[in-house]
There are 2 protein chains.
Amino acid sequence: MPEKKLTLQLDFHSGLPIYTQIVNQVQSQLANEILKPGDQLPTVRALAEELRINFNTVARAYRILDEARIISTQQGRGTFITEIPPPEVSERLRNESLSELTLRFINEALRLGFSEREISQMVRDKIQQESNRGETSRRESRQVKK
Amino acid sequence: MPEKKLTLQLDFHSGLPIYTQIVNQVQSQLANEILKPGDQLPTVRALAEELRINFNTVARAYRILDEARIISTQQGRGTFITEIPPPEVSERLRNESLSELTLRFINEALRLGFSEREISQMVRDKIQQESNRGETSRRESRQVKK
DNA sequence: ACTCAATGATACAATTATTACAATTTAGGA
DNA sequence: TCCTAAATTGTAATAATTGTATCATTGAGT
C-alpha cells in the first residue's frame, strides 16, 4: 500500500514557516478525515521533492506532529497517522474555538489574494450547499462509526 | 538555478532614496520583461555588495516590492518575481482553491459541533473586524509613487 | 539645535545543504 | 528457507545562506 498523495498547498509568502504550514494542514486534513488513522504519509524525501523544499524541513514538521502523537514516525519504515489519536489531540481539536478557526481561514484566504467579498460569498454558497445536503440524506453521516 | 544578474544603476546624488531607486528599476525591468515571473533576484547581501550599499537598504526595497506583491521574499530561500499564472487557468485555480479552503473550514467547524448559523455569523464578524483593521493600521508603501 | 527619513549595525529565525548513521525493508542467491 | 547486501527510511548534527526585526547613527532640511 503506497503512501497517500497528501496534497499540500504551501504559501511561501505567508510569513508562516513552511514546517508550520505542513503541521497545520496535516492536522486539518486529519480533522476533516481526508487523512485517516493508519494512513501512510509520504517519506520525508518524497514530500520534500514534491514541495521543492529541503527534506529537513519536512522532517521537522513530522517531528512536531510525532511529538503531538498525531503521527508515528518509524525509522526505516515510514510515517503513519496514529492509529488511535490520543484523547488530548481530538480534545484539543474540538476545543479549538470557532473564532480561531475562522480567523485562520480568513487570513489564509486573504493571503491567497481573495477579497473579503469573495470569501463571504463562498462561505454563503458552501453553507447553503451543506444545508441542502443535510436535509436530504447526509444528516447522520458525519459521526464516525465502528 | 542561479539568480538573475539584475544590473541596476544607482544615482547617489539624485536625492531619490536608494531603496526607491531599486524599487523603481525592478518594476521597470519587470515591465520591460527583462525580469520575468519566477525569476530569482539576488540575495539582499549579494545585491548590497554589488551596489556597495548596506544590505538593509536592499531588504527595505525588497520589502516594499513584496508588499506590492511584485516579488515574493522567502526567509531562508530567497526572493522571486511573483508568479502570475495564465489568466484562464488562474481564475479556475483561484475558485477551486477558495472552494476547497472554504469547504475544509466549514467541515471542520461543523465537526467541532458548531451550527451553520454560528459559522456564518462568525465569518461575518471576523471579516468585519479584518476590514476595520485594514482601514486603520495597515501601512502602505508610500515610496511606490507613480 | 531639532526632527525625521535614510541608512547602518547587530542579533535572530527559517531554510538549505551536506553528511553520516541506525533501523527496516527488499531482493537475490546459497 | 535462510542469509547477506543493497536500498530505503527517519534521525541527527553542523555549517552556511537567506530574509527579518530592532535599534543606533547619520545627515539634510527646517
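Source: prediction; values computed, not measured. A note on names: the letters A, B, ... follow the listed sequences, proteins ahead of strands, and every chain is numbered from 1.
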Side-chain N,O (B/R77) to OP1/OP2 (C/dT15) below 4.0 Å: no
Partners passing side-chain hydrogen bond (donor to acceptor under 3.5 Å, both in side chains) against B/Q74 (at least two apart in sequence or in another chain): B/S72, B/R77
With B/T82 via side-chain hydrogen bond (donor to acceptor under 3.5 Å, both in side chains) - residues at least two apart: none
Residues which pass side-chain hydrogen bond (donor to acceptor under 3.5 Å, both in side chains) with B/Q121, listed by chain and number, not counting sequence neighbours: B/R124, B/D125
Per-nucleotide protein contact string for nucleotides 20-30 of chain D, where B marks a base within reach and S marks sugar-phosphate only (heavy atoms under 4.0 Å, - for neither): BB---------
With B/S14 via side chain to side chain contact (heavy atoms under 4.5 Å, CB included) - residues at least two apart: B/D11, B/L16, B/Q21
Axis deviation across the helix from C/dA1-D/dT30 to C/dA30-D/dT1, five-pair ends, to the nearest 10°: 10°
Close side-chain approach of B/V23 and B/Y62, heavy atoms under 4.5 Å: no
Under-4.0 Å side-chain N/O to phosphate OP1/OP2 contact, A/T57 with C/dA14: no
Which residues share a side-chain hydrogen bond (donor to acceptor under 3.5 Å, both in side chains) with A/N24, sequence neighbours left out: none
From C/dA9, D/dT18, C/dT15, nucleotide with atom closest to B/N54 side chain: C/dA9
Separation of C/dA6 P from B/L16 CG (nearest whole Å): 10 Å
Set of ring pair (Phe, Tyr, Trp, His ring centres under 6.0 Å) partners for B/F105, sequence neighbours left out: A/F105
Nucleotide nearest B/Y19 (side chain, heavy atoms from C-beta), chosen from C/dA6, D/dG19, D/dG10: C/dA6
Residue pairs passing the salt bridge (Lys or Arg N to Asp or Glu O under 4.0 Å) test where at least one lies in residues 46-64 of chain A, sequence neighbours excluded: A/R63-A/E67
